[in-house]
Number of protein chains: 2
Amino acid sequence: MKSIAEIFKGLELTDSEYQFIKERCQKLELSKGEILLEKGQPTLSQYYVLEGCLRSFFEDAQERDHTLQFAIHDWWISDYTAFFDGNPAVLTIESIQKTTVLEFTRKAQIEIFESIPKVESFFREKMEHSFGAFQKRIINDLSKTAKEKYLDFLQTHKEIETHIKNYHIASFLGITTESLSRIRRELAKH
Amino acid sequence: MKSIAEIFKGLELTDSEYQFIKERCQKLELSKGEILLEKGQPTLSQYYVLEGCLRSFFEDAQERDHTLQFAIHDWWISDYTAFFDGNPAVLTIESIQKTTVLEFTRKAQIEIFESIPKVESFFREKMEHSFGAFQKRIINDLSKTAKEKYLDFLQTHKEIETHIKNYHIASFLGITTESLSRIRRELAKH
DNA sequence: TGAAAAAATTGATCTATGGTAAGAAAAAAT
DNA sequence: ATTTTTTCTTACCATAGATCAATTTTTTCA
């Protein structure tokens with residue numbers, strides 16, 4: 001069963017601790033195409049994906065969008081600048097499939113940290129790993145060609161790649177859908 | 001005086017807490033050009049810059065280097081993937097001026113977290129902000145032209161820009177030094 | 001199952017940035 | 001202060017990826 005138990009796997013929480021957490025989050029169901037967070041809005045929550053797939057993206061002045069992150073089962077997603085600092089969102093988060101998430105508000109998160117310190121450690125560690133992933137992403141963006149980035153994407157997103165439209169992948173890689181198409185043709189040849 | 005007191009400003013630590021932390025870090029002096037961390041080495045520490053300026057970079061297969069971060073006074077720096085996960089470093093960190101840092105090993109950090117929980121909260125929050133900064137960097141990389149990235153750099157790195165060589169800035173922006181030079185000429189015209 | 005909509009591909013150009021090579025300017029060293 | 005080394009600039013050409021405009025393929029849904 002996909003539930004809170006699974007989020008904090010490895011933590012060994014007591015029943016009452018589970019209960020405490022459970023009372024402070026909310027399950028949301030999203031149909032395909034639904035917007036979970038809209039740019040400009042206050043970002044009060046962080047989301048844990050139980051099922052489905054979400055995408056966070058930035059819309060630039062020319063109305064082109066740039067995908068920051070895909071999130072499937074067991075991933076967290078939010079506009080982190082906005083969530084941590086209390087600014088309005090610069091990102092939009094949309095569901096690209098029927099998706100179920102657990103919503104944790106910042107307030108709830110802090111209450112949980114204060115009452116169950118090991119959850120704070122858990123989140124710090126999670127954050128550290130995500131931080132490492134972002135570091136890797138920046139290095140890739142700086143040092144790789146579009147083709148290399150695509151191959152890398154296929155590796156790092158093995159399980160989700162099939163659900164995701166190529167134009168979303170292109171937007172994640174920072175190239176146009178036409179360019180991605182040409183890269184795919186190249187790769188298919190050999 | 002530049003010291004530990006300043007790192008944890010806002011935390012209100014007792015004298016014995018300071019003492020505890022002080023015993024677990026080490027001051028290092030680096031001359032210009034010195035390497036603090038070399039790629040391939042285990043990354044056991046994170047560094048707090050007291051004075052001077054460091055640069056972390058990735059060297060690709062073609063031996064080109066790509067700057068991930070500059071760090072001056074009151075910034076932290078490390079190879080985070082390596083530091084958190086215990087992998088060998090993929091980044092190299094060099095001093096680009098005479099620099100003084102405080103070194104905190106992972107082991108020391110964890111001891112400090114366990115014995116002074118508010119320091120863990122402090123680090124989690126710091127991490128959250130850095131996470132936001134990385135998010136912003138990725139969005140910029142995806143959505144801006146080289147010229148826009150340069151203008152953005154001048155804004156976000158106001159205080160340090162003057163100490164940094166243009167070829168390091170170019171390497172941070174993901175362009176060649178020639179391209180940066182052309183951009184600068186363009187900007188000077190108007 | 002067939003029409004409509006969405007997504008992907010292709011070809012023909014265009015453009016921003018890269019690469020190479022040389023020289024100018026600035027900084028460091030003697 | 002002069003020389004040497006490092007950094008920055010410029011010019012010319014090359015290229016990866018963008019843009020524009022169809023067209024084909026795939027998916028959706030009535």
Side-chain angles (χ1 to χ4, degrees), chain A residues 31-34 52-53 55 57-67 70 94-98 140-154 160-190, chain B residues 31-34 52-53 55 57-67 70 94-98 140-154 160-190:
Chain A
S31 51
K32 184 174 172 177
E34 214 170 320
C53 188
R55 173 178 89 101
F57 64 94
F58 172 73
E59 201 174 323
D60 69 21
Q62 293 90 64
E63 302 208 324
R64 265 184 290 240
D65 58 87
H66 306 276
T67 299
F70 296 106
E94 66 167 3
S95 122
I96 60 177
Q97 289 170 48
K98 191 171 179 313
N140 272 359
D141 284 351
L142 289 175
S143 64
K144 296 196 170 175
T145 63
K147 190 199 262 183
E148 289 168 335
K149 284 180 209 173
Y150 178 57
L151 290 170
D152 196 76
F153 179 85
L154 295 181
I160 57 176
E161 171 253 324
T162 47
H163 309 301
I164 299 179
K165 299 293 175 199
N166 284 338
Y167 60 84
H168 282 151
I169 296 178
S171 134
F172 179 91
L173 300 177
I175 59 177
T176 59
T177 139
E178 292 91 337
S179 290
L180 177 56
S181 182
R182 281 175 203 116
I183 287 166
R184 287 160 52 77
R185 177 174 47 177
E186 263 299 300
L187 292 171
K189 269 193 212 160
H190 313 292
Chain B
S31 51
K32 183 174 173 177
E34 215 171 320
C53 189
R55 172 178 90 101
F57 64 94
F58 172 72
E59 201 174 322
D60 69 21
Q62 292 90 64
E63 302 206 325
R64 263 184 290 240
D65 60 84
H66 305 277
T67 299
F70 296 106
E94 66 167 5
S95 124
I96 59 177
Q97 289 170 48
K98 192 171 178 315
N140 273 1
D141 284 352
L142 289 175
S143 64
K144 296 195 171 174
T145 63
K147 190 199 262 182
E148 288 167 335
K149 284 180 210 173
Y150 178 58
L151 289 170
D152 197 77
F153 179 86
L154 295 181
I160 58 176
E161 172 254 322
T162 47
H163 310 301
I164 299 179
K165 300 291 175 202
N166 284 337
Y167 60 82
H168 283 151
I169 297 178
S171 135
F172 179 92
L173 299 176
I175 60 178
T176 59
T177 142
E178 292 89 343
S179 290
L180 178 55
S181 183
R182 279 172 213 121
I183 288 165
R184 286 160 52 77
R185 175 175 48 178
E186 263 300 300
L187 292 171
K189 270 193 213 159
H190 313 290

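The figures that follow rest on heavy atoms only: side chains count, while hydrogens, waters and symmetry mates do not. Every chain is numbered from 1, with letters handed out A, B, ... down the list of sequences.
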Out of curiosity, [X] [atom1] to [Y] [atom2], how far, rounded to the nearest 0.5 Å?
X        : Y        : atom1 : atom2 : answer
A:His163 : A:Gln97  : NE2   : CD    : 5.0 Å
A:Ile160 : A:His168 : CD1   : NE2   : 12.5 Å
A:Phe57  : A:Ser171 : CZ    : OG    : 8.5 Å
B:Leu187 : B:Tyr150 : CG    : OH    : 7.0 Å
B:Thr177 : B:Lys165 : OG1   : NZ    : 12.0 Å
B:Phe172 : B:Thr67  : CZ    : OG1   : 8.0 Å

Open item on the list: Donor-acceptor check, side chain of B:Ser95 to backbone of B:Ser31, threshold 3.5 angstrom: yes or no?
Closed with: yes
Grab the [atom1]-[atom2] distance between [X] and [N] for me, whole Å please.
X        : N      : atom1 : atom2 : value
B:Lys165 : C:dA26 : NZ    : P     : 12 Å
A:Lys32  : C:dA7  : NZ    : C1'   : 11 Å
B:Leu173 : C:dA16 : CG    : P     : 17 Å
B:His163 : C:dA27 : NE2   : P     : 14 Å

Taking only N/O atoms, report every protein-nucleotides 9-12 of chain C pair under 3.5 Å with atom names and distance.
unit_1: C:dT9; atom_1: OP1; unit_2: A:Arg184; atom_2: NH2; d: 3.4
unit_1: C:dT9; atom_1: OP2; unit_2: A:Ser181; atom_2: OG; d: 3.2
unit_1: C:dT9; atom_1: OP2; unit_2: A:Arg184; atom_2: NE; d: 3.3
unit_1: C:dT9; atom_1: O5'; unit_2: A:Ser181; atom_2: OG; d: 3.1
unit_1: C:dG11; atom_1: OP2; unit_2: A:Arg185; atom_2: NH1; d: 3.2
unit_1: C:dG11; atom_1: N7; unit_2: A:Arg182; atom_2: NH2; d: 3.4
unit_1: C:dG11; atom_1: O6; unit_2: A:Arg182; atom_2: NH2; d: 2.7
unit_1: C:dA12; atom_1: N6; unit_2: A:Arg182; atom_2: NH2; d: 3.2

Task: Nucleotide interval of DNA chain D bounded by contacts with chain B (heavy-atom cut-off, under 4.0 Å) - done: D:dT7 to D:dC12
How close do [X] and [Y] get, counting heavy atoms only, and between which atoms?
X        : Y        : result
B:His66  : B:Arg64  : CD2-O, 3.5 Å
A:Ala170 : A:Leu180 : N-CD2, 3.8 Å
A:Asp152 : A:Asn140 : OD2-ND2, 2.9 Å

Open item on the list: Let me test you: for the helix from C:dT1-D:dA30 to C:dT30-D:dA1, what is the angle between the axes at its two ends (five pairs each), rounded to 10 degrees?
Closed with: 50°
